[in-house]
There are 2 protein chains.
Amino acid sequence: MKILSFAEENYLKAVYHLSNAGELDVTTNSIAEEMDTKAASVSDMLRRLSEKEMVVYKKYQGVKISEKGKTAALQVIRKHRLWEVFLVEKLKFNWDQVHEIAEQLEHIKSPLLIQRLDDFLGHPKFDPHGDPIPDENGLFKEKPQVPLAEVEVSGDGIVVAVKDTNSMFLQHLDRIGIYLGAKTKVTEKVEFDGSMEILIDGKNKLFISKEVAENVLVTH
Amino acid sequence: MKILSFAEENYLKAVYHLSNAGELDVTTNSIAEEMDTKAASVSDMLRRLSEKEMVVYKKYQGVKISEKGKTAALQVIRKHRLWEVFLVEKLKFNWDQVHEIAEQLEHIKSPLLIQRLDDFLGHPKFDPHGDPIPDENGLFKEKPQVPLAEVEVSGDGIVVAVKDTNSMFLQHLDRIGIYLGAKTKVTEKVEFDGSMEILIDGKNKLFISKEVAENVLVTH
DNA sequence: AAATAAAATTAGATTAATCTAAAAAATATT
DNA sequence: AATATTTTTTAGATTAATCTAATTTTATTT
Ligand SMILES: [Mn+2]
Ligand SMILES: [Mn+2]
Ligand SMILES: [Mn+2]
Ligand SMILES: [Mn+2]
């Protein structure tokens, strides 16, 4: 199993995420959009990844990630999320500042480094956005979660993750007082625009938009 | 000031080191040897670095690093050494294991990350091999140091750095019990082969070869 | 079932970084 | 001073990763 380039790792990660953990086939255009490149570049890369048996690729039919590719993608994701934990827990970054830096750190090649980092962090199971951290074998357990938007009136839960990890969205959550671990209770739902009223930790009343409700995930 | 590629950063670092902190001119061949590439590749890169005004380059005359280039090189060196401290102090790596990983980490681009890492480590002034860590402005203070080989009989000192940071050499020092901070006293010098007898911490008698004596640096 | 539109691939360029082999310049040796 | 040797640069290829424009394949709509 040869070493992958940064670009190859990034494409594999994109294919993995777009395929819902390797289940579905992924289209060229969706990869191009996700990675902010052109479809022509994607076709080219898919051919190369296919030669390395990281994906199963039939021209005009899209790709599916292979077992080998999934393993590789999960190791990159593991590194990304462990570094995000490091940045927040040890270097005092805010959860909206860590993704870009982790995009760089995830490509550092040293299995021993990641093992030691994992030890140092106390083997965290989730990153600062609530996403699960795969272990050395690529195994992980997702918390059962549902968007706030789907919770009934008077239903309660705990914020366990965010769907969108865009910096602006996370800063907005900070501003209105939503954070991982917060207790939520839906007190009112507005049919018309999908907005809702919720109670945070039993005391703070909040009105949130449909967009927020759809991107905040709570226990279920 | 645009962003430099990994390759450009590595060449700049090599030029800086070979020039004795930017003093001397550096030859194409010496760079090729240091970087384990061919002279043709070096010529090519020097032309590009010259266009970016990182070095002053006259064909067939060698290069000198520019002020701009020195600043860039020192920031990479700062990152390299801070990461080495992190690896040893926080992740429990041995001093012979950190250089290769730091070669990767030194290219991560995020001024804030380095600032926070520096805070987290308590603003160390020296790396695990005794080399000084430049500050944000590229300033640093070298400890006055001299190779053990140049110390007179009965002269004492403290190990402050190693000249060679090769893994094999460092492991050898571990094995014979020489470490940064060790107290040394030269008890005998053998003219013929440059070897010597020393006393570590006033109690361990050691015979060391010329090679070792030349690469262990003590206070002076 | 044709025609049209959309999606994906190929053709051909470009840039960075590398190499080998050939040419040119500088240095050293007779 | 002429010749030989060493050092450095240039010429020409190669590989990875990207792009635009043209072409081909698939999907959708009349
Ligand atoms: Mn992230
Ligand atoms: Mn994350
Ligand atoms: Mn080092
Ligand atoms: Mn060092």
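Computed over heavy atoms, backbone and side chain alike; hydrogens, waters and symmetry mates excluded.
Proximity of a side-chain donor or acceptor of A/R81 to a complementary backbone N or O of A/F126 within less than 3.5 Å is not detected.
Atom CG in A/D25 sits roughly 15 Å away from atom P in D/dT26 (whole-Å rounding). Following rounding to the nearest Å, B/E8 (CD) and C/dT15 (C1') show an atom-to-atom distance of 12 Å. Remark: P of D/dC19 and CE of A/M35 are 10 Å apart, rounded to the nearest angstrom. The CD1-P distance, from A/I31 to D/dT18, rounds to 13 Å in whole Å. A/K52 places its NZ atom 11 Å from the C1' atom of D/dT15, with the value rounded to the nearest Å. In this entry the distance linking CD1 of B/I3 with P of C/dT15 reads 19 Å, nearest Å. Atom CD in A/E51 sits roughly 12 Å away from atom C1' in D/dA16 (whole-Å rounding). Put simply, CE on A/M45 is 14 Å from C1' on D/dC19, counting in whole angstrom units.
Side-chain nitrogen and oxygen atoms of B/K38 include none within less than 4.0 Å of the OP1 or OP2 phosphate oxygen of C/dT18. OP1 or OP2 of C/dA17 has not a single side-chain nitrogen or oxygen of B/T37 nearer than 4.0 Å. Distances shorter than 4.0 Å separate none of the side-chain N or O atoms of B/R48 from OP1 or OP2 on C/dA16.
You'll find the ring centres of B/H99 and B/H80 inside the 6.0 Å limit. Aromatic rings of B/F6 and B/Y11 (six-membered ring for Trp) have centroids beyond the 6.0 Å cut-off, not under it.
When heavy atoms are screened at a 4.0 angstrom cut-off, A/Y11 is found touching the sugar-phosphate backbone but no base atom.
Under the side-chain hydrogen bond (donor to acceptor under 3.5 Å, both in side chains) criterion, B/R78 pairs with B/D118, sequence neighbours left out. In this structure A/H220 satisfies the side-chain contact (heavy atoms from CB on, under 4.5 Å) test together with A/V146, sequence neighbours excluded.
A salt bridge links B/E9 to B/K109: one of the charged nitrogens lies within less than 4.0 Å of a carboxylate oxygen.
Checked by atom type, the side-chain pair A/H123/A/D135 shows no donor-acceptor distance below 3.5 Å.
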Contact letters for nucleotides 6-13 of chain C, in which S counts primed atoms plus P, OP1 and OP2 and B counts the base, heavy atoms under 4.0 Å: -SSBB---
